[in-house]
Amino acid sequence: MDLRIFTEPQQGATYDDILAVARATEELGFDAFFRSDHYLVMGDGDGLPGPTDAWTTLAGLARETSRIRLGTLVSSATFRHPGVLAIQVAQVDQMSGGRVELGLGAGWFPQEHSAYGIPFPAKRFGMLEEQLAVITGLWETPVGATFDFAGEHYTLTDSPALPKPVQSRVPVIVGGHGPRRTPALAARYATEFNVAFPDPGVLPDRIENVRVVCQDAGRDPDDLVYSAAFVVCVGKDEAEFRRRAEAIGRDPEELRTNGIAGTPAEAADKLAAASEQGATRFYLQVLDLADLDHLELVAREVRPQLS
């Protein structure tokens with residue numbers, strides 16, 4: 001079972017805060033460190049000291065870690081031109097020695113766009129589709145050849161399609177809750193389909209639906225990795241669990257219902273059940289970046305209970 005740490009730095013974190021979590025992720029034996037790609041705090045917090053850019057952050061982490069995978073869950077298609085994003089990801093892949101993954105979505109948070117003057121079109125799915133086509137097309141173009149693309153949103157002419165990533169294929173993550181359009185994009189472009197924060201009981205249907213779409217598209221469903229993201233909140237006992245729940249402003253029983261939460265045994269049981277429902281990779285959303293003891297507890301007490 002692949003366990004990854006997933007963070008939300010827009011809620012208030014410096015680069016050094018993020019680096020500390022990434023280093024703990026590596027030292028404790030987790031498989032990857034992922035971060036959100038947002039520019040505005042969500043909820044009641046002040047977000048101080050302010051947002052950090054996802055790909056600038058990952059470039060730094062690429063040089064300050066050595067083993068863990070690094071990526072976004074997910075970058076917004078509204079933030080960067082696909083040609084620029086393809087260059088950024090390829091460069092960070094080189095800087096990391098081939099450890100980068102790209103999660104890409106259509107974007108959903110209008111307030112962060114208006115706060116920083118970023119256009120937020122009402123219809124963005126077409127942008128996402130073209131970005132996936134452009135980014136993968138640039139990376140797959142042989143060295144010495146050029147890449148052209150003419151779409152509704154983007155046009156590229158005689159692109160040298162450089163630089164190339166270190167990896168022969170940078171993993172691309174697509175996710176969502178729609179029944180057909182997003183799974184179709186995953187079947188065409190992705191290496192992984194992610195179900196983010198699924199309601200209880202829906203994970204098997206979401207995964208099975210993607211598998212059917214892959215079959216319809218002529219792709220082997222087993223070519224895709226199926227993953228899920230959950231909030232994680234674990235305590236060595238009930239008192240510690242409730243203290244951690246209070247620290248992140250969440251109701252303990254809601255966390256038990258929707259997240260990987262409770263005692264280490266409860267958390268392990270929830271992960272095992274989700275694995276039986278078809279997911280093989282889990283993004284554990286850590287909301288208190290200062291609580292590194294939390295990561296250590298999960299590594300020491302939860303992970304060993306998983307096969």
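Model, not experiment: these values are computed from the prediction.
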Does Val195 sit in a hydrophobic cluster with other residues, and if so which ones, taking ILVMFWY side chains as linked at heavy-atom separations under 4.5 Å, directly or through other members? Phe193, Leu203, Ile207, Val210, Leu224, Tyr226
Can you confirm whether more than 12 heavy atoms, excluding those of Arg63, are under 6.0 Å from its CZ atom? no
So is Arg67 actually on top of Phe30's ring, under 6.0 Å and inside 45° of the axis? no
By salt bridge (charged side-chain N to carboxylate O under 4.0 Å, His left out) - contacts of Asp269 (at least two apart): none
Holding to salt bridge (charged side-chain N to carboxylate O under 4.0 Å, His left out), I want the full list of residues that pass it with Arg124, two or more places apart in sequence or in another chain. none
Least distance between heavy atoms, Arg35 atom then Thr52 atom: NH1-OG1, 2.8 Å
Without swapping roles, check the side chain of Ser96 against the backbone of Arg99 for a donor-acceptor pair under 3.5 Å. yes
Candidate pair Phe79 and His113, rule ring pair (Phe, Tyr, Trp, His ring centres under 6.0 Å), full reasoning: CA-CA 9 Å; Phe79 287 170; His113 293 74; 5.3 Å; yes
Which residues pass the side-chain hydrogen bond (donor to acceptor under 3.5 Å, both in side chains) test with Thr157, not counting sequence neighbours? none
For Asp37 and Thr72, indicate whether the former's side chain and the latter's backbone hold a donor-acceptor pair under 3.5 Å. no
Among Asp205, Asp222, Asp220, which one satisfies salt bridge (Lys or Arg N to Asp or Glu O under 4.0 Å) with Arg211? Asp222
Checking Glu101 side chain against Ile173 main chain: does a donor-acceptor pair fall under 3.5 Å? no
What are the two closest heavy atoms between Asp158 and Asp148, and how far apart are they? N-OD1, 2.8 Å
Within a 6.0 Å radius of atom CZ on Arg219, are there more than 12 heavy atoms belonging to other residues, nucleotides or ligands? yes
Write down the atom of Ala24, the atom of Leu292, and the distance for their closest heavy-atom approach. CB-CD2, 4.3 Å
Kindly say whether Gly175 contributes a backbone atom to a donor-acceptor pair with the side chain of Asn194 at under 3.5 angstrom? no
Any chance CD of Glu246 has more than 12 other-residue heavy atoms, nucleotides or ligands included, within less than 6.0 Å? no
Counterpart residues, side-chain hydrogen bond (donor to acceptor under 3.5 Å, both in side chains), relative to Gln88 (two or more places apart): none
Should the pair Arg181 and Phe125 be classed as cation-pi, given the thresholds of under 6.0 Å to the six-membered ring centre and 45° from the axis? yes
Going by side-chain hydrogen bond (donor to acceptor under 3.5 Å, both in side chains), name the residues that satisfy it together with Thr155, two or more places apart in sequence or in a different chain. none
